[in-house]
Novice: 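Submitted below is the structure of interest, expressed as structure tokens.
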Protein chains: 2
Amino acid sequence: MTDPLPAWNRAELAGILTNGLIENCPVRDVLNQVSGKWATLLLMALSEGPLRFAELKRFTPDISQRMLTKTLRDLHRDGYITRTVYPTKPPKVVYALTETGRSFLDPFQALVAWARNNHAQIRAARLSFDREEAETLA
Amino acid sequence: MTDPLPAWNRAELAGILTNGLIENCPVRDVLNQVSGKWATLLLMALSEGPLRFAELKRFTPDISQRMLTKTLRDLHRDGYITRTVYPTKPPKVVYALTETGRSFLDPFQALVAWARNNHAQIRAARLSFDREEAETLA
DNA sequence: CAGCATCCGCTTTGATACTG
DNA sequence: CAGTATCAAAGCGGATGCTG
């Protein structure tokens with residue numbers, strides 16, 4: 001627990017994460033897309049199997065149609081999901097995880113688990129911080 | 001690799017991730033804070049040991065002073081880092097990871113590794129997508 | 001059903017100038 | 001040195017109305 005963290009040395013860290021500036025960072029380039037408000041939610045929704053557009057909409061009731069379309073398009077563009085159109089009438093479009101999308105969920109799920117496990121503690125820290133701040137101001 | 005994903009069933013997923021609506025989701029509550037543009041960068045910078053304000057600024061040259069202050073404050077508030085003030089003249093403020101901050105980096109680093117490993121493939125998917133799109137339009 | 005186009009507000013970020 | 005305060009810019013996301 002007090003052991004020194006996994007050794008990224010500073011130079012390597014700077015190289016990997018920013019390539020000098022944050023704009024040219026490959027890690028950012030990837031994570032920026034999935035760090036949106038809805039992307040991970042949709043990927044997790046698809047983790048049990050393919051879903052249609054309207055099914056995804058029902059799954060996340062508070063997403064707007066605009067954002068659902070846009071997020072699915074971005075995920076498709078980056079290769080996280082496939083998009084299959086059945087030109088029936090009315091049309092039917094099915095989304096499904098690719099192998100890339102599937103493999104992403106593995107490390108991401110670890111982060112979700114961490115967040116769930118640490119939520120209470122973080123909320124406590126926030127409360128404590130805000131309380132002390134209020135005291136100082138008084 | 002084709003094995004069915006770790007089984008979150010749909011109901012549990014909806015409960016954990018959104019509690020009905022995305023606003024009351026504890027996981028989001030946690031991840032929103034660290035999904036900012038600079039938070040993870042600063043946490044990683046601190047992974048090798050405490051740093052002063054100006055040192056962190058030098059570490060990420062393209063961050064503005066405003067964002068550095070704000071991000072550090074948020075990380076402190078949520079208990080990821082400590083902030084120690086030495087009331088010398090001129091003042092000296094040292095930031096360091098807490099145990100929470102340290103433990104966060106573990107799952108997060110796995111995600112960074114995934115991003116690095118899959119960056120090339122994702123860029124390729126993007127190119128392919130954009131090329132096909134251009135064809136369709138033509 | 002599964003989108004696209006437009007407009008519009010809010011939040012996030014950045015630039016700049018000033019302070020204990 | 002380590003901030004705070006103010007203002008302006010940009011981007012994300014939502015609401016609405018319209019199509020094949």
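It should be emphasised that the depicted structure is a prediction, and the values quoted were computed from it without experimental measurement. Just so you know, these numbers use all the heavy atoms, side chains as well, and skip hydrogens, waters and symmetry mates. Chain letters run A, B, ... following the sequence lines, proteins first and then strands; every chain starts at 1.
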Novice: Please enumerate all residues that pass side-chain contact (heavy atoms from CB on, under 4.5 Å) together with B:Ser64, with sequence neighbours excluded.
Specialist: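 B:Ser64 satisfies side-chain contact (heavy atoms from CB on, under 4.5 Å) with B:Arg66, B:Met67 once adjacent residues are dropped.
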Novice: Whole angstrom is fine here: how far is it from NZ in A:Lys57 over to C1' in C:dC4?
Specialist: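 Spelled out: NZ on A:Lys57 to C1' on C:dC4 is 16 Å.
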Novice: Would you call A:Arg126 and A:Asp130 a salt bridge, using N to O less than 4.0 angstrom?
Specialist: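 Between A:Asp130 and A:Arg126 there is no salt bridge, as every charged N stays at least 4.0 Å from the carboxylate O atoms.
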Novice: Check whether any side-chain heavy atom of A:Leu46 sits under 4.5 Å from a side-chain heavy atom of A:Leu56, and report yes or no.
Specialist: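 In short, these two side chains touch, coming nearer than 4.5 Å.
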Novice: Suppose we screen for side-chain contact (heavy atoms from CB on, under 4.5 Å). Which residues come up paired with B:Ala110, at least two apart in sequence or across chains?
Specialist: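 With sequence neighbours excluded, B:Ala110 shows a side-chain contact (heavy atoms from CB on, under 4.5 Å) to A:Pro107, given in chain and number order.
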Novice: Where the side chain of A:Arg83 is defined as all heavy atoms beyond and including C-beta, which of D:dG13, D:dA2, C:dG3 is the nearest nucleotide?
Specialist: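 For the A:Arg83 side chain, the nearest candidate turns out to be C:dG3.
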Novice: Mind jotting down which residue pairs meet the side-chain hydrogen bond (donor to acceptor under 3.5 Å, both in side chains) criterion with at least one end in residues 85-97 of chain B? Sequence neighbours excluded, please.
Specialist: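 side-chain hydrogen bond (donor to acceptor under 3.5 Å, both in side chains) check on residues 85-97 of chain B returns B:Arg83-B:Tyr95.
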Novice: Dot-bracket for DNA chain D, 5' to 3', counting Watson-Crick or G-U wobble pairs under 3.5 Å, with [ ] for crossing pairs and | for inter-strand pairs?
Specialist: ||||||||||||||||||||
Novice: Mind checking what makes ring-ring contact (aromatic ring centres under 6.0 Å, His included) contact with B:Phe104, not counting sequence neighbours?
Specialist: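 Listed in chain order: A:Trp114, B:Tyr80, B:Phe108.
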Novice: Taking only the side-chain heavy atoms of A:Tyr95 (C-beta and beyond), determine which of D:dA2, D:dG14, C:dG3 contains the nearest atom.
Specialist: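 So the nucleotide nearest the side chain must be C:dG3.
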Novice: Could you list, one pair per line, each protein nitrogen or oxygen that sits under 3.5 Å from a nitrogen or oxygen of nucleotides 16-20 of chain D, together with the distance?
Specialist:
none

Novice: Of all the nucleotides listed (C:dA2, C:dG14, D:dA2), which has the minimum atom distance to the side chain of A:Arg52?
Specialist: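 Nearest listed nucleotide: C:dA2.
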Novice: Name the residue closer to the 5' end of DNA chain D, choosing between A:Gly36 and B:Val93 according to the nucleotide with the nearest heavy atom.
Specialist: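 Looking at DNA chain D, the more 5' nearest nucleotide goes with B:Val93.
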Novice: Of the non-hydrogen atoms in B:Ile81 and B:His76, which two are nearest, and what is the gap between them?
Specialist: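 Scanning both residues, the minimum pair turns out to be O-CD2, 3.3 Å.
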Novice: Measure from the side-chain heavy atoms of B:Lys37 and tell me the nearest of C:dG14, D:dA2, C:dA2.
Specialist: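 Selected nucleotide (nearest to the side chain): C:dG14.
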Novice: Pick from A:Val27, A:Asp29, A:Leu31: which one makes a side-chain contact (heavy atoms from CB on, under 4.5 Å) with B:His119?
Specialist: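 So the option named by the test is A:Asp29.
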